[in-house]
Amino acid sequence: MLKDKLPEDWKQALKASLDSPSFQELERFVAKERKEATVFPSEEDLFSAFRLTPYADVRVLLLGQDPYHGPGQAHGLAFSVKPGVPSPPSLVNIFKELEADVKVPRPKDGSLMAWAEQGVLLLNAVLTVQQAKPNSHAGHGWEDFTDAVIRAVSEKTEPVVFLLWGKYAQKKKKLIDAKRHVVIEGTHPSPLSASSGFFGSKPFSAVNQALESKGRPPIDWRLSR
């Protein structure tokens, strides 16, 4: 069962969602898809974001939409790819802005695990996808689950910074207690929109300024150590 692969702290935070009929239907759907087609990420990597970023440690939530749908790319962290895998265009643009904003040189590979280990929850709204079919698992229950994740993070007493790139992510703003937390909205780094507002938006320094204004330590955005 899907929920058996979640870390215990997240199971507790998401108990109502995991016990819902919607999640049970989602489990059946994903199991059927894995039998009949190639699905990314692997079962082992599905909940990487939750494993690398414990509930108590979340300082930033960066919301993506859908996992990468090419072989070897998706590994359970939004926007990230496994070490050694070429960076997709959106990730290349993220690295360009990272360098322009906080002077972090482009890393050797596209893994964002170092961010996750510091409390950046790299969450996609949909957590699985069929190979070569973007958004093929949208509308099958993942959105109910990840909405519950956003609400659970919003219920934390410690301030969290929510980074919402693009109109899809910004629709989730209604799930967040903006009085307690900080919401930063911006243009998506996709090649279709990056030149229309993502470049020059300085999201990484904005996140750190927001964290520090709330008395929380900043993120070390370096990926190559």
Side-chain angles (χ1 to χ4, degrees), residues 1-58 60-82 112-113 116 119-157 160 162-164 166-177 181:
M1 296 177 72
L2 289 177
K3 65 181 178 182
D4 294 338
K5 302 180 187 304
L6 262 180
E8 197 59 39
D9 59 336
W10 282 104
K11 281 184 190 175
Q12 293 302 316
L14 301 168
K15 188 175 187 310
S17 175
L18 295 173
D19 290 341
S20 69
S22 169
F23 194 82
Q24 291 162 19
E25 286 183 27
L26 172 65
E27 287 187 312
R28 289 191 287 270
F29 168 76
V30 173
K32 184 172 183 288
E33 283 284 287
R34 287 201 187 277
K35 285 181 180 177
E36 297 176 355
T38 300
V39 171
F40 302 130
S42 66
E43 288 189 30
E44 179 185 338
D45 287 334
L46 177 62
F47 291 130
S48 294
F50 302 91
R51 200 164 52 246
L52 292 168
T53 311
Y55 178 69
D57 295 350
V58 178
V60 178
L61 191 156
L62 174 54
L63 185 65
Q65 185 169 351
D66 193 47
Y68 296 124
H69 53 85
Q73 293 180 313
H75 67 131
L77 302 178
F79 296 105
S80 179
V81 292
K82 289 183 176 182
L112 304 180
M113 288 175 62
V120 181
L121 183 63
L122 297 163
L123 179 70
N124 276 317
V126 175
L127 298 189
T128 54
V129 68
Q130 199 178 122
Q131 179 173 328
K133 294 184 178 180
N135 293 313
S136 52
H137 286 187
H140 289 278
W142 277 126
E143 295 91 343
D144 293 340
F145 171 74
T146 55
D147 280 1
V149 174
I150 295 168
R151 289 193 190 95
V153 173
S154 181
E155 287 167 5
K156 286 169 62 74
T157 54
V160 173
F162 291 81
L163 186 52
L164 308 179
K167 292 179 181 178
Y168 180 88
Q170 288 159 15
K171 289 178 182 177
K172 306 295 184 177
K173 186 177 179 179
K174 63 181 182 292
L175 306 174
I176 302 163
D177 181 354
H181 306 292

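All residue numbers refer to positions in the sequence shown, counting from 1.
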Indicate whether any N or O donor in one side chain lies under 3.5 Å from an N or O acceptor in the other, for His137 and Thr128.
yes

Side-chain H-bond candidate by donor/acceptor type, Ser154 with Arg151, under 3.5 Å:
no

Spacing of [atom1] belonging to [X] relative to [atom2] belonging to [Y], to within rounding of 0.5 Å:
X: Leu18; Y: Gln24; atom1: CG; atom2: CD; result: 10.0 Å
X: Leu46; Y: Arg34; atom1: CG; atom2: CZ; result: 6.0 Å
X: Leu52; Y: Phe47; atom1: CG; atom2: CZ; result: 13.5 Å
X: Gln73; Y: Ser80; atom1: CD; atom2: OG; result: 11.0 Å
X: His140; Y: Lys32; atom1: NE2; atom2: NZ; result: 10.0 Å
X: Leu164; Y: Lys173; atom1: CG; atom2: NZ; result: 8.0 Å

For residues Val129 and Pro134, report the shortest heavy-atom separation together with the two atoms involved.
CG2-CA, 4.1 Å

Ala49 versus Leu122, closest heavy-atom pair with distance
CB-O, 3.6 Å

Mind running side-chain contact (heavy atoms from CB on, under 4.5 Å) on Leu127 and Phe50 for me, showing each step along the way?
CA-CA 12 Å; Leu127 298 189; Phe50 302 91; 4.2 Å; yes

Check: [X] side chain, [Y] main-chain N or O, donor-acceptor pair, under 3.5 Å:
X: Ser136; Y: Gln130; answer: yes
X: Glu27; Y: Lys3; answer: yes
X: Thr53; Y: Val58; answer: no
X: Tyr168; Y: Ala125; answer: no
X: Asp9; Y: Tyr55; answer: yes
X: Lys156; Y: Ala56; answer: yes
X: Trp10; Y: Arg51; answer: no
X: Ser48; Y: Leu77; answer: no

Test side-chain contact (heavy atoms from CB on, under 4.5 Å) on Val126 and Gln65 and set out the steps.
CA-CA 6 Å; Val126 175; Gln65 185 169 351; 6.0 Å; no

Any heavy-atom pair between the side chains of Pro67 and Phe40 that's under 4.5 Å?
no

Is the closest side-chain heavy-atom distance between Phe79 and Asn124 below 4.5 Å?
no

Residue Glu44 excluded, over 12 heavy atoms near CD under 6.0 Å:
no

Return the orientation label for the Phe23 and Trp142 ring planes: parallel under 30°, perpendicular over 60°, tilted otherwise.
perpendicular

Partner of Ile176 by side-chain contact (heavy atoms from CB on, under 4.5 Å), out of Ile150, Val160, Leu61
Ile150

With Gln12, which residues qualify under side-chain contact (heavy atoms from CB on, under 4.5 Å), at least two apart?
Glu8

